[in-house]
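Shown next, in structure tokens, is the structure this report addresses.
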Amino acid sequence: MAQYDVIIIGAGPGGYVSAIRCAQLGLKTAIVEGRETLGGTCLNVGCIPSKALLHATHMLHEAEHNFADMGLKGKSPSVDWTQMKSYKTDVVGQNTGGIEFLMKKNKIDWLKGWASIPAAGQVKVGDDTHETKNIVIASGSVPSSLPGVEVDNDKGIVVDSTGALDLPKVPKKMTVIGAGVIGLELGSVYARLGAEVTVVEYMDAICPGMDADVQRTFKRILEKQGLKFIMGAAVQGVDATKTKAKVRYLPKKGGDEEVVDADVVLVATGRKPFAEGLGLDALGVKLTERGQIAVDGKWATNVPGIYAIGDVIEGPMLAHKAEDEGMAVADVLAGNHGHVNYGVIPGVVYTTPEVATVGATEAALKAEGRKIKTGKFMFMGNARAKAVHQGDGFVKIIVDKETDRVLGAAIIGPAAGDMIHELCVAMEFGASAQDIALTCHAHPTYSEAVREAALACGDGAIHS
């Protein structure tokens, strides 16, 4: 058996990026993956396929609602659900195939199968045990379960996010349990396809933890798009037959149990770390109270030579956070300094409009006693946004009142997931709102709204 410098367990965004960086830094590297394709949950049954469906259904929405206004006349397209799923599958195939090419290009060995760790310095895959100086666990996460709710993706009635990407047909009624990113994205997909979508959420606001201004505006926009919301509802269980389901819930404010009927129930109550079968208990690897692998500032566990990154450790379960950690831990293993700025990790909801945030929220900063000021600009004042029927939403920038340094930002509007990175870069360099306001922005672009929000932190925006 080959002696490796590092074996990485899991070929999702964190694992495969880490493997490439390790190889670039001269480390003899192998990656373990039991799926038939690389890319993990994100590329196979998560981020990428859902974005394909979001794009396809957004095109449908444009054809049904906005084409005629732009002078594009004709019969609205019909939906071939089988072909739409085929398009999604093709997108996935192109991306996973690209990852396999990158493994070969960087001379990374793919150890096909599921891993276990008999001891530090050893990774067992199938009947073979491989020797390695270091192990990086990047095994990702799986959908969380909910008491009283049994998910069975094969039956297609009560499903998780994986099952929701491959339903046999578009349901007439869908109930989504959980108003987080996954629930709202997939709920939007099926609402555009004609389903009556009802979202049941335990909290009193959607996207818990997000800026309150964004939560209110986002919910209002989604309601205009046809989604219905039942807030403050504690789901007690789901009763499913071969063709239907009933979601039972208790209102938090009190009252009798209520019921929502559905053809399909999507359970979107978050995700949990996945490390089953690795043998962490026998190794003595410490876990947090929430079942995550405990690591130090260099992503090392308490067992020498074993590291962990991505969804299996603390922090937001985001592909790009895992990628950053993957590159950073590679630097550590190569004897360099690895760094991740956890204060500047953007989050994006890929609905239409998109929602993107970075840094601290206004509420969190006020709770800390920070003196802040905010600048806000509505997309209704942005010429490009109005031209493409996306004038809803805004850009909000939060800055330190004394230094004008950017502390956080939120965008709800067109291309928010791309525009947020201007603010990420500004925060990385310690920029002030004035720095952004004095930077020339091309006209007409959506990004002008960022400049206007920065101007609003000072003497005032121009177009509002």
Please examine the side chains of Val344 and Val358, heavy atoms only from C-beta on, and report whether any two atoms are closer than 4.5 Å.
-> yes

Other residues, nucleotides, ligands: >12 heavy atoms within 6.0 Å of Lys286 NZ = no

Any chance you could measure Glu100, atom CD, to Tyr16, atom OH, to the nearest 0.5 Å?
-> 13.5 Å

Flag if over 12 foreign heavy atoms under 6.0 Å of CG, Asp281 | no

Note: Asp392-Lys224 ion pair, threshold 4.0 Å (strictly below) | yes

Using a 4.5 Å cut-off on heavy atoms from C-beta on, say whether the side chain of Val295 contacts that of Ile293.
-> yes

Do other residues, nucleotides or ligands put more than 12 heavy atoms under 6.0 Å from His463 NE2?
-> no

Would Lys396 and Glu362 pass as an ion pair if we require N to O under 4.0 Å?
-> yes

Under a 4.5 Å cut-off applied to non-hydrogen side-chain atoms, are Phe394 and Thr217 in contact?
-> yes

Does any non-hydrogen side-chain atom of Ile7 lie less than 4.5 Å from one of Val32?
-> yes

Side chains of Val395 and Phe379: does their closest heavy-atom pair fall under 4.5 Å?
-> yes

Return the minimal non-hydrogen interatomic distance between Leu250 and Gly255, and the atom names on each side.
-> CD2-O, 3.8 Å

Can you check side chain to side chain donor-acceptor pair (under 3.5 Å) on Thr96 and Asn44, steps first, answer last?
-> CA-CA 7 Å; Thr96 56; Asn44 286 277; 5.1 Å; no

Mind telling me whether Tyr87 and His55 have parallel, tilted or perpendicular rings, with 30° and 60° as the class edges?
-> tilted

Residue Lys228 excluded, over 12 heavy atoms near NZ under 6.0 Å = no

If you measure from the Lys or Arg side-chain nitrogens to the Asp or Glu carboxylate oxygens, is any gap between Lys376 and Asp213 under 4.0 Å?
-> yes

Do Gln390 and Asn382 have side-chain heavy atoms sitting under 4.5 Å apart?
-> no

Distance (rounded to the nearest 0.5 Å) between His389 NE2 and Phe67 CZ = 11.0 Å

Side-chain heavy-atom pair Asp239, Arg248 within 4.5 angstrom cut-off | yes

Give a yes or no on this: more than 12 heavy atoms of other residues, nucleotides or ligands lie within 6.0 Å of atom CE of Met203.
-> no

Nearest 0.5 Å, what's the CG-CG distance between Leu222 and Leu184?
-> 6.0 Å

Determine yes or no for a side-chain-to-main-chain donor-acceptor pair under 3.5 angstrom, with Thr288 supplying the side chain and Gln292 the backbone.
-> yes

If you measure from CZ on Phe218 to SG on Cys207, what distance do you get to the nearest 0.5 Å?
-> 5.0 Å

Are more than 12 heavy atoms from other residues, nucleotides or ligands located less than 6.0 Å from atom CD of Glu368?
-> yes

Option from Lys172, Lys173, Lys244 for which salt bridge (Lys or Arg N to Asp or Glu O under 4.0 Å) with Asp263 holds | Lys244

Under 3.5 Å donor-acceptor, Glu325 side chain and Ala322 backbone | no

Donor-acceptor side-chain pairing of Tyr249 and Glu258 below 3.5 angstrom = yes

What's the shortest heavy-atom distance between Gly46 and Leu165, and which atoms?
-> N-CD1, 4.2 Å

Glu150 atom CD, neighbour heavy-atom count above 12 within 6.0 Å = no

Interatomic spacing from CG in Asp211 to CD1 in Ile412 - rounded to 0.5 Å | 10.0 Å

Do any N or O atoms from the side chain of Arg451 and from the backbone of Ala437 form a donor-acceptor pair under 3.5 angstrom?
-> yes

Quick one: do Glu185 and Lys51 make a salt bridge, cutoff under 4.0 Å?
-> yes

CE on Met59 to OG1 on Thr57, rounded to 0.5 Å | 9.0 Å

Assess whether atom CZ of Arg220 is packed by more than 12 heavy atoms of other residues, nucleotides or ligands within 6.0 Å.
-> yes

Could you check if a side-chain atom of Arg271 sits within less than 4.5 angstrom of a side-chain atom of Ser161, using non-hydrogen atoms only?
-> yes

What heavy-atom pair brings Gly10 and Ile31 nearest, and what distance separates the two atoms?
-> O-CD1, 3.6 Å

Heavy atoms only: give me the nearest Val399-Val406 pair and the separation to one decimal.
-> CG1-CA, 3.9 Å

